[in-house]
**Student:** 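Quick one: structure below, then a few questions.
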2 protein chains.
Amino acid sequence: MRNNLKVERARHNLTQAALAEKAKVSRQTINAIESGKYIPSTVLALRLSAIFGLPVNALFELEEEDRA
Amino acid sequence: MRNNLKVERARHNLTQAALAEKAKVSRQTINAIESGKYIPSTVLALRLSAIFGLPVNALFELEEEDRA
DNA sequence: TTCAAAAGTAAAGCAAACTTTACAAAAAAT
DNA sequence: ATTTTTTGTAAAGTTTGCTTTACTTTTGAA
């Protein structure tokens, strides 16, 4: 699973902590997602989509291995 | 969390079992999601998005209570 | 160079997604 | 009306997202 979080966060000039607060998750959760440690829930993905004004599909993309 | 699974599945003429197979999950998982028992993971949401040719945001929508 | 803010990382614990097995109810076909 | 397909539902177990606490490393400003 590939994601653009780091780039979008930079584009919006937000720290991991600030984004975490906006998305109502812990800072570690944002960090872990950015570093590929795990994949966000759909609720969180939709929240990030709203925060950045981008569709979920633009923010997250399945890699070959995860495709159905 | 609101979702259009049932409608899209009907539109594509798929049984729960057939969709489950396409999405590589169990039939019960599809059933549970349709009946609001739980929210799909982002991986599954993206797979369903691909199967139906619709953006995740069109398939799933946060309700007030879940918004950040 | 020093100090503070930001990012990285780790472990224990909880909650929820998902699986498997299994059976009942409803719908559709014959 | 009977049989078959589809849907609904339930329980036990596994996996994984997420939290909290806490400590280290990196970045950057003063």
**Student:** Are B:Glu8 and B:Leu14 side-chain neighbours, meaning at least one heavy-atom pair lies under 4.5 Å?
**Tutor:**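 They are not in contact (no side-chain heavy atoms under 4.5 Å apart), so the answer is no.
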**Student:** Any protein N or O atoms within reach of nucleotides 15-18 of chain D? Criterion: under 3.5 Å, listing atom names and distances.
**Tutor:**
| residue | atom | partner | partner atom | Å |
| --- | --- | --- | --- | --- |
| D:dG17 | O5' | A:Ile39 | O | 3.0 |
| D:dG17 | O3' | A:Ser41 | N | 3.4 |
| D:dC18 | OP1 | A:Ser41 | N | 3.0 |
| D:dC18 | OP1 | A:Ser41 | OG | 2.6 |
| D:dC18 | OP2 | A:Ser41 | N | 3.4 |

**Student:** For nucleotides 21-24 of chain C, tabulate all protein N/O to nucleotide N/O atom pairs closer than 3.5 Å, reporting atom names and distance.
**Tutor:**
| residue | atom | partner | partner atom | Å |
| --- | --- | --- | --- | --- |
| C:dT21 | O4 | B:Gln28 | NE2 | 2.8 |
| C:dA22 | N6 | B:Gln28 | NE2 | 2.7 |

**Student:** Can you sort out the partners of B:Arg47 under salt bridge (charged side-chain N to carboxylate O under 4.0 Å, His left out), two or more places apart, ordered by chain and number?
**Tutor:**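 Salt bridge (charged side-chain N to carboxylate O under 4.0 Å, His left out) check on B:Arg47 returns nothing, list empty.
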**Student:** What is the separation between atom CG on A:Leu19 and atom P on C:dG8, rounded to the nearest whole Å?
**Tutor:**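 Roughly 13 Å, once rounded to whole Å.
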**Student:** Estimate the overall bend of the helix from C:dT1-D:dA30 to C:dT30-D:dA1 from the end axes over five pairs each, rounded to 10 degrees.
**Tutor:**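 The value is 60°.
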**Student:** Between A:Asn13 (CG) and D:dT27 (P), how many Å, whole number?
**Tutor:**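 Taking CG of A:Asn13 and P of D:dT27, I get 18 Å after rounding.
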**Student:** Without decimals, in angstroms, what is the distance between B:Lys6 NZ and C:dA27 P?
**Tutor:**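 Taking NZ of B:Lys6 and P of C:dA27, I get 10 Å after rounding.
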**Student:** With rounding to the nearest 0.5 Å, note down the distance linking OG1 in A:Thr42 to CG in A:Leu46.
**Tutor:**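 The CG atom of A:Leu46 is 6.5 Å from OG1 of A:Thr42, to the nearest 0.5 Å.
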**Student:** Report the distance from atom CG of A:Asp66 to atom P of C:dC18, rounded to the nearest whole Å.
**Tutor:**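 In whole Å, C:dC18 P and A:Asp66 CG are 13 Å from each other.
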**Student:** On the nucleotide D:dG8, are OP1 or OP2 found under 4.0 Å from the side-chain N or O atoms that B:Asn31 carries?
**Tutor:**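 So the side chain of B:Asn31 is within the cut-off, an N or O lying under 4.0 Å from OP1 or OP2 of D:dG8.
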**Student:** Tell me which pairs pass side-chain hydrogen bond (donor to acceptor under 3.5 Å, both in side chains) where either residue lies in residues 20-29 of chain A, with sequence neighbours left out.
**Tutor:**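 For residues 20-29 of chain A, and leaving out neighbouring residues, the side-chain hydrogen bond (donor to acceptor under 3.5 Å, both in side chains) pairs sorted by first residue read A:Ser26-A:Thr29.
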**Student:** When the side chains of residues 54-61 of chain A are checked against the rest of the protein, which donor-acceptor pairs come out under 3.5 Å, sequence neighbours left out?
**Tutor:**
| residue | atom | partner | partner atom | Å |
| --- | --- | --- | --- | --- |
| A:Asn57 | OD1 | B:Val56 | N | 2.8 |
| A:Asn57 | ND2 | B:Ser49 | OG | 2.9 |
| A:Glu61 | OE1 | A:Arg2 | NE | 3.1 |
| A:Glu61 | OE1 | A:Arg2 | NH2 | 2.6 |

**Student:** Starting at atom CD of A:Glu21, determine the distance to atom P of C:dA7, rounded to an integer number of angstrom.
**Tutor:**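 Distance, rounded to whole Å: 14 Å.
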**Student:** To the nearest Å, give me how far apart CD (B:Glu34) and P (C:dA17) are.
**Tutor:**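 The distance from CD of B:Glu34 to P of C:dA17 comes to 16 Å, rounded to the nearest Å.
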**Student:** Roughly, in whole Å, what's the span from CD in B:Gln16 to P in C:dA25?
**Tutor:**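 Nearest whole value for this atom pair: 18 Å.
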**Student:** What is the minimum heavy-atom distance between B:Pro40 and B:Ile33, and which atoms define it?
**Tutor:**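 Scanning both residues completely, I find the closest heavy atoms to be CB-CD1, 3.5 Å.
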